[in-house]
Structures are given as C-alpha cells and as structure tokens.
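In what follows, chains are A, B, ... by sequence order, proteins preceding strands, each numbered from 1.
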Number of protein chains: 2
Amino acid sequence: MLETSIKEGLQSTGRRMTRTRKAVLALLERTHQPLSASEIFAQLQEEQVAIDLVTVYRTVNVLKELGLVVQLDLYQEGQSRYELKEGRTHHHHIRCQICGRIVDLLLCPLKKLTKLIEKRTQFVVGDHTLEFTGFCPKCQ
Amino acid sequence: MLETSIKEGLQSTGRRMTRTRKAVLALLERTHQPLSASEIFAQLQEEQVAIDLVTVYRTVNVLKELGLVVQLDLYQEGQSRYELKEGRTHHHHIRCQICGRIVDLLLCPLKKLTKLIEKRTQFVVGDHTLEFTGFCPKCQ
DNA sequence: ATTTTATTGCAAGTCTCTTGCAAAAACAAA
DNA sequence: TTTGTTTTTGCAAGAGACTTGCAATAAAAT
C-alpha cells in the first residue's frame, strides 16, 4: 500500500507520517492535475482539513526531497506546481492559456538534443525545463 | 541608427524616448548576457546613472511590448531576465549552475514537436520555454 | 516659451515562498 | 499507557520579485 511505503521513506530519514502529510498526499493522489501550494491549501480548507499554508509549503518540499513529488515551473505562471511521481517517467506539460487545464506530454524528446548541446557548448548538461502553453480543444 | 528607429517605435505608440530608457537600452546593447531587473539597476547605479528599480521594471516591460526585448524565465532562477532581440531569431539558453554564465543555444528544435503535440492533444500550441542548466567548461 | 501628456521616483502594496519560535503531535522507551 | 524525546505545526514576521498610486518632473507638441 502506498501510505505504508511512504511512511517508511519518511521514517528512514528521521521524519514522521502526520495528519497533514497524509492529507496532502491523498489530495495529490486523487487529483490528476499538478497543484500549486495555494491550490492544495484551498482544496484542503474546503474539505475541512485544518492545515496552514506554511505547512503545505513545508510538506511539498519534504515530499520533493524524498523523490515522491516533482516540482514544476510552468511557463509564466509565477508559482510552482507539484505532482506525484508515482513511478511515472520524466515528462513535460502544456497548459491552456484560457482555462488553465494542464495536460501531460508523455514524451521527452531531448536526449539527442542534449548530446548536441554538450558537443556544441562543451557544457555538461544537467536539468532542463520544457513547457508549452496554448489553447485546449474546449477553449479554441 | 538603432536609437532613432527605437525612438520612432516608441513615439508611434505615444511614448517618449527618455534618459532612463536610453540608459537601459545602451546597457542591454553592450552586455552580451540576459540581465535581470536588479542587475540592470545595480549596473546603472555603478555607472552613476540615476534610476529607480521601479523604472527598470517599467522600462523592460515597455521594451517587451514594443518587441525589442525578450523576457526569459530560466530554470529555477526565481527572477526574469531580459535580452535585446536585435533581429535575432527565437532561441534557447543554458545556464551554468556554478558561475551563472548563460550561453545561447542557437537553435529551436521544436517545430516538428509542436506539430506532434497539436496532433496528440488537440491543443493549438502557442508559446514554449526550453531552458537548460549544467556545468560550463570552466566549472566542471 | 508654454502647455500637454508621458514618465519618473518614492512609498506602499501584492504575491509567492521562507524562517523563528513556542506549542502540539508523533514516535520511542520504560 | 505514561513519560520523555524529537519532529512538526501554526502563527507571526520576513525576504525577494514585481506592481500600483500619486505628486513631481521631464519630454514633446504648439
């Protein structure tokens, strides 16, 4: 079960499974969109889960450190979003400029490009962002 | 001459060529790195040009609206950077995680990818970011 | 030179995210 | 199951990037 293995991951780094961490994890599990800290906060408030926005920030950071959650910085959003990794591979996103819906792009076409860049620039390439915006079918 | 044509661009939108706009433009012209607002502010201060940080923000926004400057949001920097367009085509960047140096990647490999994404997601793709980080030759 | 209108600087405000600290909650040990 | 230790939480406050309101100033038009 997910929660048990996560608890072990937390405890192996001297951390504890708490009411708030459970709530954030459960929300991310059932929401199939990357959520921002303030969205997590608002949604949990609505569900009568008592949690502070500060705790949301601390929680997503812990989950990120444990490798359970990925932090996304989408194009010109001015805030980060978080999504559960859950065994999924590295991928990118497109966000609708009108309704804000975010769709996964289940591919990363940058392996060849990375090699080309390393050759041309002599950099050792580490990480990258690639995020798209556009208009979704409903909003066109 | 650059300044004259920029002045015309400004005036055709009811704007004026001012001391501070000249200073920001001149700095961007002679600096071959994308600069953040606070870097522009600090550099001009050093050159004894009296300018407020607020004015820097307003200036880069005007230059962006006129299409003279491109705003960059590099990977996990938490601030925007600005570079002169100067007839250059759309391109991407790689930033050294150690020294912060930014190198242009004189290519955009995403035309084919854009078409694929439109086909798969039914989105109309608008804009995108693609930014890399890594270690430059000197910092490896 | 004078008038009009855009621009500037300052102060204050917004937004996202972080930090300090005492109180509360989780876990461990008895 | 109570006690003790250590982490986590909530609250208040702070940091950093960026924006807005407004009176004073500067650019352009007349």
What pairs with E131(B) under salt bridge (Lys or Arg N to Asp or Glu O under 4.0 Å), at least two apart in sequence or on another chain?
none

Y75(A) and D73(B): side chain donor to acceptor below 3.5 Å:
no

Mind calculating the distance between CD (Q71(B)) and C1' (dT19(D)) to the nearest angstrom?
13 Å

Where the side chain of R21(A) is defined as all heavy atoms beyond and including C-beta, which of dT16(C), dT19(D), dT8(D) is the nearest nucleotide?
dT8(D)

Please determine if a side-chain N or O atom of N61(A) lies less than 4.0 Å away from the OP1 or OP2 oxygen of dC17(C).
no

Treat primed atoms plus P, OP1 and OP2 as sugar-phosphate and everything else as base, then score nucleotides 23-30 of chain D 5' to 3': B for base contact with protein heavy atoms under 4.0 Å, S for sugar-phosphate contact only, - for none.
---BBS--

Atom CG of D52(B) and atom P of dC10(C) are separated, to the nearest Å, by 6 Å

To the nearest angstrom, how far is L53(B) atom CG from dA11(C) atom C1'?
14 Å

side-chain contact (heavy atoms from CB on, under 4.5 Å) between T133(A) and I94(A), intermediate numbers included:
CA-CA 5 Å; T133(A) 58; I94(A) 185 164; 5.7 Å; no

Closest-nucleotide 5' rank along DNA chain D - winner of V54(B) and E77(B)
E77(B)

Answer with base, sugar-phosphate or nothing: what part of the nucleic acid does S38(A) contact at a heavy-atom distance below 4.0 Å?
nothing

Base, sugar-phosphate, or nothing: which does D73(B) touch, judged by heavy atoms less than 4.0 Å apart?
nothing

What class does the angle between the rings of H90(A) and H128(A) fall in, given that below 30° is parallel, 30 to 60° is tilted and above 60° is perpendicular?
perpendicular

Can you tell me how far P of dC11(D) sits from CZ of R58(A), to the nearest Å?
11 Å

At less than 4.0 Å, is any side-chain N or O atom of T55(B) found next to OP1 or OP2 of dG9(C)? Yes or no.
yes

Between R30(A) and E47(A), is the closest basic N to carboxylate O distance under 4.0 Å?
yes

Length of the line joining Q76(A):CD and dC18(D):P, which is rounded to integer Å
11 Å

Check step by step if side-chain contact (heavy atoms from CB on, under 4.5 Å) holds for C136(B) and C99(B).
CA-CA 8 Å; C136(B) 79; C99(B) 70; 3.8 Å; yes

Let me know the distance between CG of L10(B) and P of dT8(C), rounded to the nearest Å.
10 Å

So does E65(A) pair up with R15(A), basic N to acidic O under 4.0 Å?
yes

Output yes when at least one side-chain N/O atom of Y57(B) is less than 4.0 Å from OP1 or OP2 of dT19(D), else no.
no

Select base, sugar-phosphate, or nothing to describe what I51(A) touches, counting heavy atoms under 4.0 Å on all strands.
sugar-phosphate

Provide, to the nearest angstrom, the distance between the CD atom belonging to Q79(A) and the P atom belonging to dT18(C).
13 Å

Take atom NZ of K22(B) and atom P of dA6(C), then tell me their distance rounded to the nearest Å.
19 Å

